[in-house]
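Written out below as structure tokens is the structure these notes cover.
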Amino acid sequence: MATVSTLDPKQLLRIEAVHRGFLFQHLYAAQCLLCAGILSASAVVVESDEDVEVLLDGRHLYVQVKYRKNTLAWNDIEGAMSRFEELRGAHQTGDRQSTAEFIIVSNAPPNGPLAKRISGEDWPADVRVDWPGGSEGGRTLPRPSASLLEAIEATRALAQSLPFAMLNPDTLVWKLAGIIMLAATGEKSSLNHIFNAEDMPDLFEQLVLQLQDLPAPPAHYRTQQNEPELLTEERVRLIVGYSGAGKTSWLAQSAQHATGRLVYLDVADLPGAGLGSVVAREVAGRIFFEGQQLGQILLPGASGREMLQVLSRRIAESGEIVTVALDNAHCLSGDDLIGVVQSASEVRFILLCRPEGETSTIEALLGAERETLAGWASDTVAAAAVDAGCKADAADCQRLIDLTGGLPLYVLNALVITRADYDGSLRKFCKDLAASAQTREMSQEVILGRVFDGLPTVTAKVAELFSLCDAPIKREEAAEYVAAAGGPDKANFLRALRHLFGLGLLQIFSGDKVKIHDAARVVGKARLVLQGAELLNEYRLTLRGIVQASLLKDWSPAKLSLFLRLSGEVGRLDVLVEMATDELFHEMGVWPEIEVFLEQGVQDETIPPEQRIMALDGLAFAHLKSGSDRAVAWLDQMDQLIETHDLGAEETLRVGMKRMTYLAQNGDRKGSERLIESLAKAVKDTSPGHRRVYTYNVATAQLAFGDSAAAVRRIQPLIKEYFGLLGLSPQQVMGRNAPELRLLVKQKPFPTDDIKHLADSLDVLAKASDAEGEFSPLARVHALKFYDLARAPESMFRVGQDLVDQFIGRNDFDGALNMMETILLPQLQQLKLAEYLIPVRSQYAVVLAYCGRFSEAEAEMERLRPYEAGLADLGRSEMINQRELIAQLGKYGPPPKWVPQPGLLETLAQRMQEQKQIDAHRPAASAAKKVGRNQPCPCGSGRKYKKCHGR
């Protein structure tokens with residue numbers, strides 16, 4: 001093992017002592033901060049008149065912190081006692097109003113002479129000496145620790161008690177210690193030695209915001225060979241290592257000890273030209289999440305690089321140190337990346353890359369020398385082998401490095417197998433591994449299979465049961481599931497989780513959620529199948545119940561998909577058919593999960609006809625939406641069920657409206673109009689909601705068979721009716737995004753269906769206006785916002801692409817690019833809807849070409865080329881057409897670009913601001929209805945309501 005070599009060992013001892021003292025002091029200050037709420041402290045001060053000061057109600061506690069190797073002596077505290085006398089005088093003269101109390105905190109007990117002084121009658125009554133074995137009586141502040149390691153553990157225990165369970169407590173401890181060190185320097189004006197009580201919740205929240213998106217570091221992190229520091233003087237860092245090298249773990253571990261803000265982004269699937277907008281919005285949202293600065297940075301119409309330039313100026317003014325870590329940066333184009341780095345001149349970048357893709361280009365363009373995560377050295381492997389109960393010499397450890405690349409995850413897995421299967425002999429394991437791997441020595445599936453074999457019985461049981469769950473769930477929910485499925489009790493379950501986490505088989509997410517690693521899940525599930533279908537079904541039923549309860553408290557697409565798949569696997573068709581008839585369900589991208597179960601259910605005559613017709617309704621809706629001819633077969637089966645079982649009018653209305661739409665889509669105008677007429681009579685006596693749906697479907701049919709003018713006349717009153725139901729106006733939608741609009745909707749419960757139907761109606765209006773040759777961008781813009789508000793991502797992408805085409809049709813190429821980079825691409829990155837990955841990104845390439853950025857357009861299409869062979873004929877032909885269009889634009893140039901009239905954008909922005917000011921004075925919808933037309937307008941203008949907002 002390497003040792004420190006120094007010319008002056010005594011000097012090294014002095015340096016170590018100084019750093020021990022400062023670290024002990026900072027950890028104690030962190031404990032005081034973490035206890036501030038319990039103490040009802042108004043402030044905690046560091047490195048001012050004393051090492052630590054705690055301000056309570058009417059009391060001012062001055063704390064001198066001492067760390068000693070041996071006992072505490074009088075000469076250690078003599079200077080502090082003199083300073084206490086001066087501070088006491090300031091309180092006695094009234095310069096400081098509160099009562100002064102003085103505490104000397106030490107890791108070591110007082111020696112004999114000092115102990116005698118303390119117990120003497122002349123010892124000041126307001127001075128207390130506290131150490132780990134000191135008297136508990138009268139102790140106000142945290143109990144001192146006997147060593148640095150105990151101080152770390154004590155601070156960690158306090159951090160664990162905070163309501164930020166999503167963070168590893170170690171992470172919070174070290175971040176907090178770093179913040180205290182920064183405050184002690186006085187360099188940051190907002191942290192000038194003092195932590196006020198009212199600022200502490202924000203402080204802790206900021207620490208959570210900085211790190212909650214980073215995976216937690218391994219429980220026992222070991223450094224790699226020549227491991228780089230996280231923060232250096234270099235503004236751009238390039239960290240290179242193979243997949244599994246632990247780049248993200250290194251980042252998460254290093255972030256615990258770093259000051260400043262760290263923003264983490266995985267850019268694996270992000271088109272490089274959209275990087276600027278994503279980085280700007282992520283950084284701005286985390287740093288300037290309050291106040292007006294956010295709006296000044298995320299300027300409407302600004303490109304990503306322009307926003308980054310404004311953001312950089314704001315960061316420089318604030319004095320923040322901001323670091324952006326981009327994972328999988330090798331997937332980005334070097335040109336795109338260097339543009340972002342140059343625009344964000346006040347931001348530091350850490351680029352995590354594999355040694356492939358654009359890494360060499362990025363290195364050359366940025367002039368950043370790559371730093372590698374070279375894996376564990378032989379010494380580290382040997383230490384890990386000992387901890388795992390294995391035996392190996394230097395040659396064996398090097399052989400394992402040769403076979404695994406020294407990558408931490410693979411080394412740890414190999415050591416588990418070594419102990420279980422080879423009696424701890426690493427030499428025997430390496431010999432077998434090399435012989436069985438042959439052409440592919442590093443097969444993670446093979447290694448993980450052996451890891452399961454080598455796990456303790458309890459741990460293996462937890463891993464196997466948990467392998468059925470492919471969505472992150474709360475730790476408590478996971479424990480409940482495992483216990484109900486016959487697994488270990490909670491204590492052993494938690495021990496198993498720690499074991500799995502230490503092996504890299506368990507992932508921890510924000511919100512204290514956990515999930516088994518996908519690769520391990522495949523192995524565990526295969527082992528469950530071997531236990532028999534009956535037992536497997538019981539496990540699925542148990543997990544389904546847990547996930548169902550979890551969805552009610554914390555909805556997510558991943559959990560919904562898991563719940564639906566489990567419902568199908570255990571035969572709960574009733575749940576699937578109920579959701580299949582919900583329009584929003586078809587927006588989630590989970591339809592493929594359940595379609596096969598519904599198709600099986602509609603053929604099962606033992607299932608009640610009411611459930612079968614709902615299943616058919618969901619199938620018909622899905623195929624009608626996709627334009628598939630199978631829709632008519634499902635509609636025919638619905639008619640047969642209605643006739644055979646004499647089902648009600650609502651079922652008849654459902655199938656009638658879908659058939660009306662189908663006939664219109666397929667050019668049968670007469671057939672569709674006959675159904676429109678007959679259904680008009682049936683819908684007359686139904687609810688207003690049914691009548692609105694009927695009106696929408698008629699407008700859709702009219703648009704389909706070419707009567708766009710009739711569609712406009714029919715849909716416009718419906719749009720007005722939906723706005724009225726929501727208590728909104730089109731003017732209020734101007735300049736607002738979905739989160740802002742949500743606050744304006746007063747209807748309870750939140751009317752998601754009405755919002756979705758309003759968006760659908762606006763979409764029909766936009767299409768009908770197009771057919772009439774009218775330009776109606778606001779219809780689509782508003783539809784886009786309402787689809788976002790209703791969480792209808794598929795419709796949002798579809799309308800967003802239509803809007804991009806509309807901008808291109810008007811030669812507004814900058815508007816099309818802005819729509820792509822600020823809405824569609826970030827949403828694609830977030831939602832990861834596979835169905836829209838190719839259409840949106842290929843359309844983006846076309847937009848880049850219209851903007852004259854031909855090399856970027858061609859590069860994006862080239863990145864999409866590997867997908868082409870797997871596309872359907874229509875998708876493949878679209879890709880070919882787009883590639884040809886880009887080539888034509890590159891050859892002949894794009895048409896002249898539309899340029900807004902001077903002052904137009906400023907005028908629109910001013911109008912939006914004026915409307916917001918008006919809305920700020922607008923009364924609630926319920927109150928507004930009571931204002932008489934001749935009464936003064938509630939906005940305060942002084943005019944009559946009918947002449948003002950009553951118009």
> With a 4.5 Å heavy-atom cut-off, do I516 and C469 have their side chains touching?
Replying inline: no
>> Tell me if a side-chain donor or acceptor on E101 pairs with a main-chain N or O of L61 at a distance below 3.5 Å.
In response: no
> Is the backbone N or O of I546 less than 3.5 Å from a side-chain atom of S550, with the two atoms forming a donor-acceptor pair by type?
Replying inline: no
>> Within the supplied structure, the quantity of interest is the number of heavy atoms (other residues, nucleotides, ligands) at a distance under 6.0 Å from M81 CE; does it exceed 12?
In response: yes
>> Set out, in order, the CA-CA distance, both residues' side-chain angles and the distance that settles side-chain contact (heavy atoms from CB on, under 4.5 Å) for H499 and L455, then state yes or no.
In response: CA-CA 9 Å; H499 191 183; L455 291 173; 4.3 Å; yes
> What distance do L497 atom CG and N492 atom CG have between them, rounded to the nearest 0.5 Å?
Replying inline: 11.0 Å
> What distance separates D126 CG from I103 CD1, expressed to the nearest 0.5 Å?
Replying inline: 10.5 Å
> Are any side-chain N or O atoms of S119 and backbone N or O atoms of A115, one a donor and one an acceptor, separated by less than 3.5 Å?
Replying inline: yes
> P132 and S106: which non-hydrogen atoms are nearest, and at how many Å?
Replying inline: CD-O, 3.4 Å
>> Rounded to the nearest 0.5 Å, what separates atom CG in N107 from atom OG in S145?
In response: 9.0 Å
> With a 4.5 Å limit on heavy-atom distance, are the side chains of L352 and W250 in contact?
Replying inline: yes
> Taking side chain as C-beta onward, heavy atoms only, is F195 less than 4.5 Å from I179?
Replying inline: yes
> Should the heavy atoms of other residues, nucleotides or ligands under 6.0 Å from CD of E150 be counted, would the total exceed 12?
Replying inline: yes
>> Within this structure, what is the CG-CG distance for the pair D266 and L326, rounded to the nearest 0.5 Å?
In response: 9.5 Å
> Could you state the interatomic distance from NZ (K247) to CG (L351), rounded to the nearest 0.5 Å?
Replying inline: 12.5 Å
> Below 4.5 Å, heavy atoms only, C-beta onward: do D76 and L114 meet side chain to side chain?
Replying inline: no
>> Would you say that F349 contacts R235 through its side chain, given a criterion of any heavy-atom pair below 4.5 Å between the two side chains?
In response: yes
>> Under the criterion side-chain contact (heavy atoms from CB on, under 4.5 Å), I'd like the reasoning laid out for L72 against K66: C-alpha separation, chi angles, the key distance, then a yes or no.
In response: CA-CA 8 Å; L72 188 69; K66 294 292 184 182; 4.0 Å; yes
>> side-chain contact (heavy atoms from CB on, under 4.5 Å) for R14 and V18? Distances and angles first, verdict last.
In response: CA-CA 6 Å; R14 287 192 291 270; V18 169; 5.7 Å; no
>> Please find the pair of heavy atoms, one from V65 and one from D51, that lie closest to each other, and give the distance.
In response: N-OD2, 2.8 Å
> Between NE2 of H193 and CD of E53, what distance do you get to the nearest 0.5 Å?
Replying inline: 10.5 Å
>> To check you understand the geometry: which heavy-atom pair defines the closest contact between H91 and S98, and what is its length?
In response: ND1-O, 2.6 Å
> Can you tell if the side chain of W74 reaches within under 4.5 Å of the side chain of R117, non-hydrogen atoms only?
Replying inline: yes
> Step by step, would you call K513 with D554 a salt bridge (charged side-chain N to carboxylate O under 4.0 Å, His left out)?
Replying inline: CA-CA 11 Å; K513 296 175 185 175; D554 180 26; 2.6 Å; yes
>> Checking T248 against D327: is there a side-chain donor and acceptor pair closer than 3.5 Å?
In response: yes
> Looking at side-chain heavy atoms only, is the closest gap between T323 and V347 below 4.5 Å?
Replying inline: no
>> Quick check: closest heavy atoms across R139 and L141, and the distance to 0.1 Å?
In response: CG-O, 3.2 Å
>> Do P110 and T71 make a side-chain contact, defined as non-hydrogen atoms from C-beta onward lying under 4.5 Å apart?
In response: no
> Sub-3.5 Å donor-acceptor pair from the side chain of S48 to the main-chain atoms of V45, do we have one?
Replying inline: no
>> Using only atom types and a distance under 3.5 Å, with no angle test, would you say the side chain of S42 pairs donor to acceptor with the backbone of L55?
In response: yes
Which donor-acceptor pairs under 3.5 Å do side chains of residues 23-33 form with protein atoms, sequence neighbours excluded?
unit_1, atom_1, unit_2, atom_2, d
Q25, NE2, E47, OE2, 2.6
Y28, OH, P142, O, 2.8
Q31, NE2, T155, OG1, 3.2

>> Any carboxylate oxygen within less than 4.0 angstrom of a Lys/Arg side-chain nitrogen, looking at D49 and R83?
In response: no
> In terms of side-chain geometry, is the basic nitrogen of K490 or E476 positioned less than 4.0 Å from the acidic oxygen of its partner?
Replying inline: yes
> Donor-acceptor pair, W123 side chain versus V127 backbone, under 3.5 Å?
Replying inline: yes
> Do F102 and H60 pass the ring pair (Phe, Tyr, Trp, His ring centres under 6.0 Å) test, and can you show the C-alpha distance, the side-chain angles, and the key distance before you say yes or no?
Replying inline: CA-CA 8 Å; F102 306 94; H60 192 140; 8.7 Å; no
>> Minimum heavy-atom separation for I239 and P228, please, with both atom names.
In response: CD1-CG, 4.0 Å
>> Which residues pass the side chain to side chain donor-acceptor pair (under 3.5 Å) test with K474, not counting sequence neighbours?
In response: none
> Is a salt bridge present between E234 and R237, judged by a nitrogen-to-oxygen distance below 4.0 Å?
Replying inline: no
> Are there more than 12 heavy atoms of other residues, nucleotides or ligands under 6.0 Å from atom CG of N75?
Replying inline: yes
> Should R475 and D512 be marked as a salt bridge (charged side-chain N to carboxylate O under 4.0 Å, His left out) after you check the CA-CA gap, both sets of side-chain angles, and the distance that decides it?
Replying inline: CA-CA 6 Å; R475 194 189 306 258; D512 198 30; 2.8 Å; yes
> Charged N to carboxylate O below 4.0 Å: is that the case for R419 and D387?
Replying inline: no
> Would L500 and V514 satisfy side-chain contact (heavy atoms from CB on, under 4.5 Å), going step by step from the backbone distance to the final call?
Replying inline: CA-CA 11 Å; L500 292 171; V514 291; over 6 Å; no
> Any idea which heavy atoms bring V482 and P488 closest together, and the distance?
Replying inline: CG1-CD, 3.7 Å
